[in-house]
Asks: 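Questions regarding the structure given below will be posed in turn.
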Amino acid sequence: MAANVDAKVDFTAILSEIMKSEYGLVFICSLLFLIVLAAFLYMFGKSGIISHFKIYTEYSNKKFLREIEQKEELLNDEALSEFKGDMEYHIKVSKLENFLKFKNKDIDLLKYIISCRDSQRAIRLYKKGCEYLEKDKETKTYKLKPKYTKESIELQEKRTPYMYFGINGIGGLPIFLNLISSLFPELISFNFNVLESISFFIVFFIISLVFTFRTLKPFAALYFLEIEKIDESQQERNIAKNPVLVKENQVG
């Protein structure tokens, strides 16, 4: 026996019911955001931007190699012999910048970064904490600015989680009070609706993120100075971990 079923879905009625629910507006906005995001990613993939970027990168690398070759040829030009030392400096800087994929004309900084076991992590730390660092003019090494110390930065690091959760705690008060008001209406009456409570929390959450990222910058500067170097020998690390080796080293 065969039966023809003509099923029709009334999307207008479904949408109306969703909007009437407590979190209906939030659900609709989230759904629309996901649809727009999916459409954007699809169009981005179809646009060919990624392949064009690869072509541009290859072209840039070839152009850089040609420029270096031209500069090295100029080193043998007798008319420029008095500038040979300066020209060698700039060529070294260009090569280090290209190798590290990091633009900076300070060769002392580039030498420090390339001496790190994880040079990319060193670059990220420097970018975050550079405003807290300065270079010693005599030793050509980097150090914390005078008003910052390792102790003060470590103390600030301990305080940061408390400040982060404290700010978010304030932002979450309306949601908490709404919950208490719904469970015990005879004890407390709170007038914030759900959308206002969530908006209030989001504002304070953003403030907590800005505060945290700001306070992380001194830590990045400190970690940049303490990052492991390539020339740290295995013997030195073993001695630091083993007191017996320290005594033997002193006796020797």
Side-chain angles (χ1 to χ4, degrees), residues 53 57 60-61 64 68 85-172 201-243 245-246 249:
F53 177 75
T57 302
S60 298
N61 290 334
F64 169 78
I68 289 296
D86 297 329
M87 293 168 65
E88 287 177 342
Y89 172 91
H90 290 294
I91 291 174
K92 286 179 182 178
V93 168
S94 297
K95 287 183 176 181
L96 287 173
E97 284 181 324
N98 186 65
F99 179 82
L100 294 170
K101 306 302 180 187
F102 174 59
K103 295 294 183 182
N104 195 291
K105 299 302 179 184
D106 185 353
I107 196 169
D108 296 314
L109 175 63
L110 297 174
K111 286 179 179 178
Y112 178 86
I113 291 174
I114 206 168
S115 72
C116 299
R117 288 187 179 275
D118 190 345
S119 59
Q120 292 305 308
R121 180 170 180 261
I123 292 172
R124 292 194 298 271
L125 291 173
Y126 177 78
K127 287 180 177 179
K128 292 177 182 177
C130 59
E131 63 185 279
Y132 298 90
L133 297 167
E134 66 178 11
K135 186 169 72 170
D136 190 300
K137 293 181 179 179
E138 295 181 359
T139 62
K140 304 299 182 183
T141 58
Y142 279 81
K143 61 181 181 179
L144 292 170
K145 289 183 177 178
K147 61 179 179 179
Y148 303 106
T149 63
K150 181 178 180 179
E151 291 73 20
S152 64
I153 291 175
E154 289 177 343
L155 179 61
Q156 186 177 351
E157 183 178 15
K158 293 177 182 178
R159 291 175 178 173
T160 298
Y162 297 102
M163 293 297 296
Y164 173 81
F165 288 111
I167 294 172
N168 281 291
I170 295 172
F201 173 76
I202 290 174
V203 170
F204 274 80
F205 177 70
I206 293 173
I207 292 173
S208 70
L209 289 180
V210 173
F211 169 81
T212 302
F213 285 129
R214 179 66 186 174
T215 55
L216 284 176
K217 289 184 177 181
F219 314 149
L222 181 61
Y223 299 154
F224 172 76
L225 298 176
E226 296 181 346
I227 195 169
E228 186 181 9
K229 307 299 185 302
I230 295 173
D231 61 358
E232 290 178 351
S233 67
Q234 185 66 40
Q235 182 181 3
E236 290 175 344
R237 291 196 295 275
N238 291 338
I239 289 175
K241 294 178 182 178
N242 193 333
L245 292 177
V246 173
N249 189 53

Asks: Mind listing the closest non-hydrogen atom pair of Ala221 and Gly129 along with its distance?
Replies: CB-O, 3.5 Å

Asks: For the CD1 atom of Ile227 and the CG atom of Leu125, what is their distance to the nearest 0.5 Å?
Replies: 5.5 Å

Asks: Among pairs that include at least one residue of residues 202-216, which meet salt bridge (Lys or Arg N to Asp or Glu O under 4.0 Å), considering only residues two or more places apart or in two chains?
Replies: Glu131-Arg214

Asks: Quick one: CG on Leu96 to NZ on Lys92, what's the gap to the nearest 0.5 Å?
Replies: 9.0 Å

Asks: Minimum heavy-atom separation for Leu100 to Gln120, with atom names?
Replies: O-NE2, 3.3 Å

Asks: Residues two or more places apart in sequence or in another chain: which of them pass side chain to side chain donor-acceptor pair (under 3.5 Å) with Lys140?
Replies: none

Asks: In terms of side-chain geometry, is the basic nitrogen of Glu228 or Arg117 positioned less than 4.0 Å from the acidic oxygen of its partner?
Replies: yes

Asks: Please list, chain by chain and in numerical order, all residues satisfying side chain to side chain donor-acceptor pair (under 3.5 Å) with Glu97, sequence neighbours excluded.
Replies: Lys105

Asks: Whether the side chain of Lys101 engages the backbone of Phe99 through a donor-acceptor N/O pair (distance < 3.5 Å, no angle test) should be reported.
Replies: no

Asks: Do you see a donor-acceptor pair shorter than 3.5 Å between the side chains of Thr141 and Asp136?
Replies: no

Asks: Can you list every ring-ring contact (aromatic ring centres under 6.0 Å, His included) pair that touches residues 139-167, not counting sequence neighbours?
Replies: Tyr132-Tyr148

Asks: Check the pair Leu155 / Ser152 against side-chain contact (heavy atoms from CB on, under 4.5 Å), numbers first and verdict last.
Replies: CA-CA 5 Å; Leu155 179 61; Ser152 64; 5.6 Å; no

Asks: Under 6.0 Å from the NZ atom of Lys135, do we count more than 12 heavy atoms belonging to anything else shown?
Replies: yes

Asks: Can you confirm whether more than 12 heavy atoms, excluding those of Lys145, are under 6.0 Å from its NZ atom?
Replies: yes

Asks: A side-chain contact here means heavy atoms from C-beta on lying under 4.5 Å apart; do Ser208 and Met163 qualify?
Replies: no

Asks: Holding to side chain to side chain donor-acceptor pair (under 3.5 Å), I want the full list of residues that pass it with Thr212, two or more places apart in sequence or in another chain.
Replies: none

Asks: Please report the interatomic distance CD1(Ile114) to NZ(Lys95), rounded to the nearest 0.5 Å.
Replies: 12.0 Å

Asks: Taking atom NZ of Lys111 and atom CD1 of Ile107, what is their separation to the nearest 0.5 Å?
Replies: 4.5 Å

Asks: Leu144 and Thr149: side-chain contact (heavy atoms from CB on, under 4.5 Å), yes or no, with the steps?
Replies: CA-CA 7 Å; Leu144 292 170; Thr149 63; 5.8 Å; no

Asks: Return the SG to CZ distance between Cys130 and Phe224, rounded to the nearest 0.5 Å.
Replies: 9.5 Å

Asks: When you look at Ile113 and Ser119, which way does the side-chain contact (heavy atoms from CB on, under 4.5 Å) test go after all the steps?
Replies: CA-CA 5 Å; Ile113 291 174; Ser119 59; 4.1 Å; yes

Asks: Quick one, Ile167 with Phe205, criterion side-chain contact (heavy atoms from CB on, under 4.5 Å). Give me CA distance, side-chain angles, the key distance, then yes/no.
Replies: CA-CA 7 Å; Ile167 294 172; Phe205 177 70; over 6 Å; no

Asks: Please state whether the rings of Tyr223 and Phe219 are parallel, tilted or perpendicular, taking 30° and 60° as the class boundaries.
Replies: tilted

Asks: With Asp86, which residues qualify under side-chain contact (heavy atoms from CB on, under 4.5 Å), at least two apart?
Replies: none

Asks: Rounded to the nearest 0.5 Å, what's the gap from NZ on Lys229 to OG on Ser115? Could you check?
Replies: 5.5 Å

Asks: Set out, in order, the CA-CA distance, both residues' side-chain angles and the distance that settles ring pair (Phe, Tyr, Trp, His ring centres under 6.0 Å) for Tyr112 and Tyr126, then state yes or no.
Replies: CA-CA 11 Å; Tyr112 178 86; Tyr126 177 78; 9.0 Å; no

